[in-house]
Every structure is written in structure tokens, then in C-alpha cells.
Amino acid sequence: MTNLPKTYSPQEIEGKWYQFWQKKGYFHAEATSDKLPYAIVIPPPNITGSLHIGHALDNTLQDCLIRWRRMQGYNALWMPGTDHAGIVTELIMERQLAEEGTSRTALGREKFIERMWQWKAESAGYIVSQLQKIGCSCDWERERFTLDEGLSKAVRTAFVNLYNQGLIYRDTYMANWCPNCNTVLSNLEVEPIEIDGNFYHIHYPIKDSDVVLEIATTRPETMLGDTAVAVHPDDERYQHLIGKTALLPLCDREIPIIADAYVDREFGTGALKVTPAHDTNDYEIGLRHNLEQRIVFTRDGYINENAPEKYLGLSRWDCRKHVVEDLKDADYLVKIVPHRHAVGHHDRCGMIVEPTISLQWFMNVRPLAQRAIEATQKGEVKFIPERETARFYHWMENIEPWPISRQRWWGHRLPIWYCNACEAVTAAMEVPQQCECGASDFRQEEDVLDTWFSSGLWPFSTMGWPEKTEELRTFYPTSVLVTGWDILFFWVARMIMLGLGCMDEVPFRTVYLHGLVADEKGQKMSKSKGNSIDPLETIDTYGTDAFRFALTNASTPNPYVPLLESQIEAGRRFANKIWNAARFILMNLEKYPVPEETDAVETKQETPEIAWMQSRLSHTIKTTTDALENFRFHEVAQTLYAFLWHEFCDWYLEFVKQRIAQDKPAALWVAADVLEQTMRLLHPLMPFLTEEIWQQLPHGGGRREGSLTVSSWPEPIGENPKAEATMTTLMEVIDSIRSIRGELNVPIGASVEVHIQSPNTEVRERLETYLAQYLPAFTRLADITIAESLPKPHASAEAVIGELAIYIPLADIIDLEAEHARLSKRHQQAVKDVDAAQKTLDNPNFIQRAPEKVVEQKRAQLERLLVEQEKLARSLTMLTESGSENGD
RNA sequence: GGGCGGGUAGCUCAGGUGGCUAGAGCGACAGCCUUACAAGCUGUAGGUCACAGGUUCAAGUCCUGUCCCGCCUACCA
């Protein structure tokens with residue numbers, strides 16, 4: 001006796017199956033296999049902690065693709081690993097250290113790195129176990145880490161190659177600087193945030209005159225570093241001042257008034273204070289006019305000795321207060337106007353960045369960006385959704401040099417060596433033996449690389465590059481990259497560029513950029529906002545499969561995909577529904593085992609419900625496969641949900657009950673077969689539940705393979721329109737009878753008689769053959785009469801389906817008023833529909849111009865509607881008459 | 001300033017190249033513990049598809065404009 005519990009309990013089976021799959025090695029892909037390769041590299045999660053909702057979505061979708069392709073017979077590789085994640089990880093460690101009462105600097109570089117590795121050893125395993133918990137079928141034997149030996153070698157190789165090509169260089173340049181993290185940042189790491197600030201209008205006196213020039217600034221403290229005032233060359237207001245000298249308030253310095261077309265005459269006062277050392281645009285102006293770059297901030301954001309002594313050591317904000325006070329006191333301050341504007345913040349620590357001039361390593365990405373654009377135009381890479389292509393082009397076309405050095409410790413140290421004797425620079429894999437100057441004493445560059453440099457190599461560094469490995473030959477370029485659109489520039493673009501630069505080939509053929517998980521208000525879920533769903537809690541409550549189903553079901557093509565608790569709940573109910581359907585089938589198979597050595601499909605009799613079910617399954621296989629091919633995960637989930645619940649459970653299993661009652665088990669065997677195939681279709685979305693059920697189901701004469709994971713993807717056997725038409729009629733009749741019973745409140749226990757009239761012989765035959773067999777399961781009936789024409793029995797309820805009419809005599813229980821209301825509602829609808837169809841057909845242009853097929857459909861529709869309308873009208877009249885009779 | 005996405009049922013969303021009577025889940029209402037499932041079953045209600053024009057035989061779908069919402073991007077100090 002099958003002893004399955006009534007309720008599905010995910011906790012009891014999930015761990016079991018994951019271990020089973022792992023032990024059997026199903027997730028491992030051999031580079032030497034002669035199957036067609038299909039490869040995905042995981043976006044390596046940071047080692048910083050726990051799996052968040054974004055990972056859950058991203059990895060569920062990847063797992064769906066990998067499992068599906070594996071079942072299709074591909075040599076499917078999902079390459080896993082983790083990212084050292086540079087600055088973020090350091091920041092978290094620094095917080096830990098602070099709690100311990102120490103600090104990064106107190107520890108020193110070596111000790112700090114040691115601590116980081118210790119921590120990595122613990123936390124990387126944690127994130128991996130979480131990926132396993134959501135069912136990821138990664139090839140764990142191949143797990144990589146961006147800082148491990150092989151990948152570090154790849155990083156050094158890439159760096160040296162690019163250096164030798166002249167694409168990596170050192171330069172003194174203005175770049176974003178984080179005073180908190182003490183490092184330079186790329187533009188991407190700076191997040192502009194709108195804040196409420198002020199416009200400070202300040203008078204700059206003109207030397208040797210009574211005239212003052214009014215400038216406006218949002219950052220008055222930077223005036224300590226001003227080395228000019230700029231106006232537009234054609235600005236008539238200021239023509240007479242160009243070439244004159246202004247006296248910089250508070251500083252006792254003289255600065256020139258210059259003309260530069262950059263200045264916007266309309267904005268502010270049309271006069272711009274120029275601080276070449278602390279503003280990106282001013283820096284450019286400074287270069288054009290050969291202005292002094294006067295640095296007045298220290299690297300950690302305090303006033304230095306280049307400013308008047310009284311401000312020395314103040315923070316940027318304190319200095320602003322003092323400067324404004326002093327300007328006011330000295331009568332230079334004209335006014336303060338509130339002004340909302342965007343200020344750059346470091347995306348990792350939140351500190352306001354300070355544009356700063358420093359000596360940094362840069363990568364000239366333009367040539368590679370150009371190649372990336374061309375490769376994309378040639379179709380070597382495809383973006384899905386397509387709209388992302390435009391974003392990609394726009395970014396690539398306007399790309400700027402990438403500052404790749406970071407003044408941090410956790411990461412790949414640049415393979416740059418300085419000769420201690422002559423300061424000559426060498427890029428090399430190892431310490432050079434000897435310098436050209438004859439010395440042999442070198443020191444390595446202290447800086448580490450931007451963490452995205454190593455992630456940019458991920459698709460080939462994980463496969464053993466720079467060695468010419470079998471993996472690279474087989475799996476590169478990979479098939480598809482799956483990630484959120486928010487890291488298109490950070491990561492995807494760089495992988496494409498570096499792939500072209502190092503491998504001379506794009507790293508993947510397709511980029512699928514999914515939406516970001518949002519809450520019910522459309523706000524992106526994030527820990528900092530506190531609106532996030534915790535994947536692990538969710539899994540504990542609802543089960544992994546329910547969660548995965550909800551994620552795929554929510555995954556529409558939109559940039560933000562709201563995930564509601566109720567959707568996860570729906571996933572759980574779905575899992576439970578499937579569980580119980582399986583339970584029903586398994587319980588009945590005990591009484592009616594599938595005959596040994598025989599294919600269940602072959603033992604079937606061609607009853608309409610079996611033919612219908614197989615037709616619907618075929619359709620479902622086709623739709624599901626098509627949706628997966630096009631990354632329409634939402635459609636996959638919807639299709640399987642609707643099929644399994646509303647066609648398989650609601651209808652087919654009810655037919656099966658009837659057949660069992662008739663001692664005809666073929667329909668049951670087909671149910672087992674259909675469920676088996678559907679478990680295969682659903683496996684990519686809900687791997688655990690489907691495996692559990694699949695293992696228990698008979699597999700058509702012992703065709704069982706070791707696991708659903710490595711079974712085959714179902715093939716459609718073709719649809720059967722005739723069977724579908726037959727069943728549609730039957731189901732419509734059943735629906736109508738149920739509807740009448742429901743709306744007229746016919747008591748549950750009351751058996752009713754049904755009279756059906758139809759002029760169509762074929763329809764009558766179908767109904768006569770099958771209706772009696774099916775109906776009892778769906779609605780309680782005493783007797784059925786089917787005839788070509790029938791008088792409507794007295795005091796009966798009626799339903800009309802085209803030319804077919806259903807009468808249910810309800811003499812004792814009918815509520816004539818209710819029936820009248822019911823019929824007139826349907827009549828009104830029919831009139832409306834007839835009018836609309838009539839109007840279309842009355843239009844001669846429609847007949848002339850619309851395709852034949854559409855016109856035919858419309859005619860048929862109208863005909864059917866007219867019959868319905870007439871019948872309903874007649875019945876209404878009769879009802880009114882009999883009503884008055886009854887009223888006697 | 002430019003660009004992109006969105007506005008469809010009370011809520012969250014589907015509606016590839018225009019063509020049956022615009023769908024789902026959740027929620028609501030009514031009735032059912034029907035022997036797989038009350039995490040269930042049956043029935044019902046609920047939409048001028050943001051607004052205004054246009055193209056078309058035909059528009060939720062295509063075009064133009066307007067209004068909201070969100071995002072990306074830009075050197076407006």
C-alpha cells in the first residue's frame with residue numbers, strides 16, 4: 001500500500017535528492033565528450049556572505065537552462081565559482097576588525113591578507129552550500145575562485161599581454177577618489193545621488209577696479225583651490241573682464257579671468273570658478289589654459305597646507321561651513337539659493353567621492369570596445385531582451401579609459417616591477433632577473449587590480465587559460481550568459497572586451513539579461529531598503545521548488561519583476577497539487593499495475609479523453625520547449641501550471657475516475673505516462689519534487705533511467721484536433737449543467753434530468769457515446785435524453801451552446817425569477833455580440849479586404865450567435881408565460 | 001537635456017509579426033469536508049486596455065501628441 005502523506009513536505013526529500021545527484025556525478029561535464037557542448041559560467045557570487053534574492057533568481061534561471069539542455073542531450077557544463085570582490089570584502093572585514101578593536105592598518109598588509117584568506121575559507125563554502133540548497137546543478141568539481149592560483153596566472157598573463165599591446169599604461173589623471181576607502185574608482189563605481197544643496201553666490205573682486213564678478217558654486221570650500229574664473233568668450237556682459245585678474249577672497253591670491261566655451265551663459269551667473277584639481281570639468285579647462293592644479297584636500301578628504309592655514313585639517317563639510325561664515329563676515333557672500341543636484345557617492349561605502357588627480361594605471365578600452373561593437377553587429381553576441389543592445393552600444397561608443405589600479409590590498413597585485421635603481425617599469429609574470437640599467441633589485445607595484453578585471457576574464461580563466469586546455473576548445477565561447485541588466489557595463493561589457501582581447505573571440509553567444517526582483521511597489525529588493533525576501537527563510541517555509549516556481553513564474557521580460565509572498569504561496573500549493581495527483585495515480589496503480597513488458601501507451605484504447613489528453617500534452621511540450629528556447633520563463637511556468645492543474649487534474653483525472661469505476665484502466669496508465677512526461681518538462685523548474693515523483697512512477701515497461709536529471713526531454717507526438725473538438729463539446733455541456741446548478745442553487749444532492757437537443761447528427765452521436773460515461777463524475781444526473789429536436793420541458797432551466805440546447809426540468813425546485821435573470825443576462829450578451837459581428841460583416845470593405853479565413857470565421861461566429869440569441873429570446877418568452885401560469 | 005521601460009480586473013502581472021466573445025494568479029462573493037488534494041472542489045462578480053487624435057476592413061497591439069510612474073544616461077558649476 002502506497003503510504004504517501006496527504007501533504008507534500010519538501011524538507012524531507014530535497015536534501016536526499018541533491019546528494020544523490022551529486023554522488024552520481026550527473027552535474028559533471030567532460031570536455032572530451034562528443035555530445036554537443038552547452039556551457040554557462042556562473043556570475044561568481046561574492047564571498048562576502050549569504051545568498052540574496054537576486055542570486056536566487058539568477059541561479060534558478062541558469063539551473064533551468066542547464067537542466068533542460070542536459071536533458072536534451074547536450075554536454076551541459078555549468079561552471080561555478082566565487083569572486084574575491086575586492087573593496088566590498090575588505091570593507092566587511094574592516095568592520096569586523098573594528099569590532100575587535102583593531103584595524104586594517106594596524107594589522108598590516110600581510111596579516112590582513114591572511115585574515116581575508118581565513119575568512120574566505122569559511123564563507124565561500126557557505127555560499128556554495130546555499131547554491132546547492134536551491135538546487136543548482138553546477139559542476140562542482142570545477143569550482144573556481146578569482147584569486148586562486150590558476151586564475152591569478154590568467155590575470156597576470158592578460159595584464160602583461162595588454163600592457164605589451166600598449167593598452168595598459170600609467171598616467172597622472174583626474175579620477176574619482178573615495179576618501180573613505182582611499183582609492184581611485186571607475187565611473188561605474190560612482191553613483192550619482194540627488195541631494196538638497198545650495199547655490200552659493202560669491203563676489204570675486206576685480207583687481208585695480210571697483211567692479212566685482214559674481215560667481216555661483218555648490219561647493220564653496222573648493223574656492224581655496226581656485227586658479228581662475230572662466231566666462232564664455234561671447235558673453236557680452238563679461239567681455240571687458242576677460243584677461244583681467246580677480247582677487248580670490250579669503251586666500252589673498254590673484255587668479256586670471258579666462259574665456260572658455262565650456263561655460264554655459266545661461267547657468268548660474270555665467271561666471272565659473274575654476275578648480276582644476278578638484279573638479280573634472282575644471283580639470284579639462286585647466287589643461288586647455290595651462291592653469292595651476294592646486295590640490296587643497298588630503299587623500300582622506302581633509303584640508304591640506306595648500307589652503308590658508310586657518311582651514312588646515314578641517315573636513316570638507318566643516319571647511320564649507322567656515323568658508324561660508326568667513327565670506328559672509330567679509331561681505332563677499334551675495335546669497336544662498338537652495339539647489340537640488342546630483343552628487344557622486346561610492347557605490348560600496350556610500351562616501352561622497354572627490355575627483356582627484358593621481359598617478360594611476362589605466363586601460364585604454366577603446367580599441368576593444370570597437371571590436372566588441374563590431375562583433376555584436378555581426379551577430380557574434382546577441383542580447384536578450386533586444387533593447388539591451390542599444391544600451392550596450394551607447395556605453396561602448398562613449399567609453400572612457402578604465403582606471404584599473406586600486407590602492408587596496410585584497411586582490412591581484414599588478415604584475416608591474418619597478419627597478420629600485422633607475423625606476424624603470426617592467427610588466428612581467430615574475431620578478432625580472434635584471435634591469436636594463438644593470439641593477440637586479442625590484443619592487444612590485446603595491447596596488448591591486450579592480451576586482452572587475454579578474455571577473456572580466458572569468459569565461460576563459462575558469463577553463464584553464466592561458467593553457468590551451470580541452471575545456472577551452474570544447475566550451476569556449478560559452479553558450480549563454482545569464483545575469484541582471486544592472487551589471488551589463490560592470491561585467492558583461494568587460495568580459496566581451498577582454499574575451500576579444502585575450503581569446504580573440506567573444507566569450508558567449510547569447511546574453512540573457514533578466515529583471516531585478518522587486519517588491520509589490522516595484523522597488524528593487526535590497527537588504528539596505530529592508531524590503532527583501534530572504535531566500536533561505538523562504539525555502540524553509542515553502543520549499544525550494546515552490547520558491548523556484550515563483551521565481552520563474554515572476555520572471556516576465558520586464559526590467560523589474562515583483563515577487564510577492566502570495567506567489568510563493570501559490571508555488572507551494574502547486575507543488576502540493578502535483579504531489580496529490582501523483583498520489584492518486586500511484587494509489588490506483590496498485591490495483592491496476594501497468595502491464596509488464598508493455599508500453600502503457602500501446603495498451604490504451606482510443607477513447608476521446610485519452611486522445612485529447614495526449615494531444616494537449618503534445619501541445620504543452622511544444623509550447624514549453626519553445627518558451628525555453630526564447631528565455632520566456634514566465635511562459636514556461638504558466639504553461640505547465642495551466643496544463644497540469646486545469647487540464648490534467650481538473651478534467652483528465654476526473655475522467656480517469658470514471659474509467660476506473662468502469663474497470664477500464666487504460667486511461668489510468670496514460671495518466672501515469674502523461675505525468676511522467678510532465679515531470680520531465682517541469683524538472684528544470686522544480687527539480688526535487690519532480691525527481692521524487694518520477695522515481696516512483698512506472699516508466700513504460702521498465703525504461704527507467706537512473707534519474708530524471710539525465711533522462712530525455714519529451715518530444716511532441718502531434719496534436720489531434722478532432723479529439724480536441726469532441727472533448728470541447730463534452731466539456732462545454734458539462735460546464736453548462738454545472739453553471740445552471742450553481743446559479744439556480746440546485747441542491748447538491750438533487751439529481752436532475754438533462755434533455756439535450758442538437759440538429760447535428762455527429763454531435764448527437766458523440767454525446768450519446770460518451771456523455772453518459774463521463775457525466776456522473778461531474779454532476780449528479782438521473783437521466784439523459786438526447787434528440788434531434790425536443791420540446792422544452794415545462795419549468796426548466798436552459799443553456800445554449802450554438803445550435804445545441806440543454807434543458808433541465810426543475811419543476812419542484814426552480815426559481816423562475818432566478819432563471820429569468822440568468823437567461824436575460826445571457827440574452828443581452830448574445831444581442832451585443834450579434835450586433836458587433838453583424839456590423840463587421842455589413843461592412844463591404846471587410847468582405848473585400850480581410851483574408852478569406854477571417855471572413856469565414858466571422859460568418860460562422862455570427863451564425864452561431866444568431867442561433868443562440870434566438871433560442872434565448874424564445875425561452876425568455878416561454879419562461880414569462882409559464883411564470884404567469886404558475887402565478888395562478 | 002537625451003534615451004529606455006511601464007500605465008490592461010481590487011492587487012501583481014500575461015497578452016511574439018494587428019483578426020474568434022481581452023486571460024492568469026492572488027483577493028472578493030456564494031455553495032460544498034464529493035473516497036488524490038480544504039494548500040482542495042464548484043459556481044459567480046469584476047476591465048471604455050492612462051488620455052486625445054491618426055493609420056486600417058479591423059487597434060490592448062502600429063503611428064503622433066499629452067499626462068503620470070520608474071529606470072538608465074549626460075560636464076550644467
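Below, read A as the first sequence line, B as the second, and so on, with proteins coming before strands; counting in each chain starts at 1.
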So, is [X] close to the [N] phosphate, meaning a side-chain N or O under 4.0 Å from OP1 or OP2?
{"X": "A:R738", "N": "B:U44", "value": "no"}
{"X": "A:T556", "N": "B:A14", "value": "yes"}
{"X": "A:H646", "N": "B:G25", "value": "yes"}
{"X": "A:K825", "N": "B:U44", "value": "no"}

Original post:
Taking protein heavy atoms under 4.0 Å as touching, what does nucleotides 71-77 of chain B look like 5' to 3' if B marks base contact, S marks sugar-phosphate-only contact and - marks none?
Top reply: SSS-BBB
Original post:
Between the main-chain N or O of A:K529 and the side-chain N or O of A:S526, is there a donor-acceptor pair closer than 3.5 Å?
Top reply: yes
Any base atoms under 4.0 Å from [X], or only sugar-phosphate, or nothing? Heavy atoms, all strands.
{"X": "A:T7", "answer": "base"}
{"X": "A:R387", "answer": "sugar-phosphate"}
{"X": "A:K6", "answer": "sugar-phosphate"}
{"X": "A:D226", "answer": "nothing"}
{"X": "A:P844", "answer": "nothing"}
{"X": "A:N843", "answer": "sugar-phosphate"}

Original post:
Cationic tip of A:R387 within the cone over A:F392's six-membered ring, i.e. under 6.0 Å and within 45° of the normal?
Top reply: no
Between [options], which nucleotide gets closest to the side-chain atoms of [X]?
{"X": "A:E743", "options": "B:C13, B:U44, B:G27", "answer": "B:U44"}
{"X": "A:Q638", "options": "B:G25, B:A24, B:A36", "answer": "B:A24"}
{"X": "A:F846", "options": "B:A39, B:A36, B:G19", "answer": "B:G19"}
{"X": "A:L653", "options": "B:G15, B:G19, B:A36", "answer": "B:A36"}
{"X": "A:E635", "options": "B:G16, B:A14, B:C26", "answer": "B:G16"}
{"X": "A:R583", "options": "B:G43, B:A36, B:C26", "answer": "B:A36"}
{"X": "A:S739", "options": "B:A39, B:U44, B:U42", "answer": "B:U44"}
{"X": "A:D650", "options": "B:A14, B:G43, B:C41", "answer": "B:C41"}

Original post:
Is the A:Y512-A:F631 ring centre distance short of 6.0 angstrom?
Top reply: yes
**OP:** Flag yes if more than 12 heavy atoms outside A:E400 fall under 6.0 Å of its CD atom; otherwise flag no.
**Re:** no
Original post:
Can a salt bridge be assigned to the pair A:E819 and A:R822 using a cut-off of 4.0 Å between side-chain N and carboxylate O?
Top reply: yes
Subject >> Note: A:K521-A:D519 ion pair, threshold 4.0 Å (strictly below) >> reply: no
Original post:
Is the A:Y8 ring parallel, tilted or perpendicular to the A:W579 ring (thresholds 30°, 60°)?
Top reply: tilted
Which base, if any, makes a Watson-Crick or G-U wobble pair with [N], both distances under 3.5 Å?
{"N": "B:A59", "value": "none"}
{"N": "B:A36", "value": "none"}
{"N": "B:G31", "value": "B:C41"}
{"N": "B:G1", "value": "B:U73"}
{"N": "B:C67", "value": "B:G7"}

Subject >> Identified side chain to side chain contact (heavy atoms under 4.5 Å, CB included) partner of A:D282 from the options A:D260, A:D226, A:V274 >> reply: A:V274
Original post:
Pick one: which of A:H278, A:E221, A:E354 meets side-chain hydrogen bond (donor to acceptor under 3.5 Å, both in side chains) with A:R316?
Top reply: A:E354
Original post:
Whole Å only: how far is the CD atom of A:E386 from the P atom of B:G16?
Top reply: 16 Å
Subject >> Toward the 5' end of RNA chain B, by each residue's nearest nucleotide, A:E868 or A:P562 >> reply: A:P562
Subject >> Most 5' of A:Y8 and A:D626 on RNA chain B, judged by nearest nucleotide >> reply: A:D626
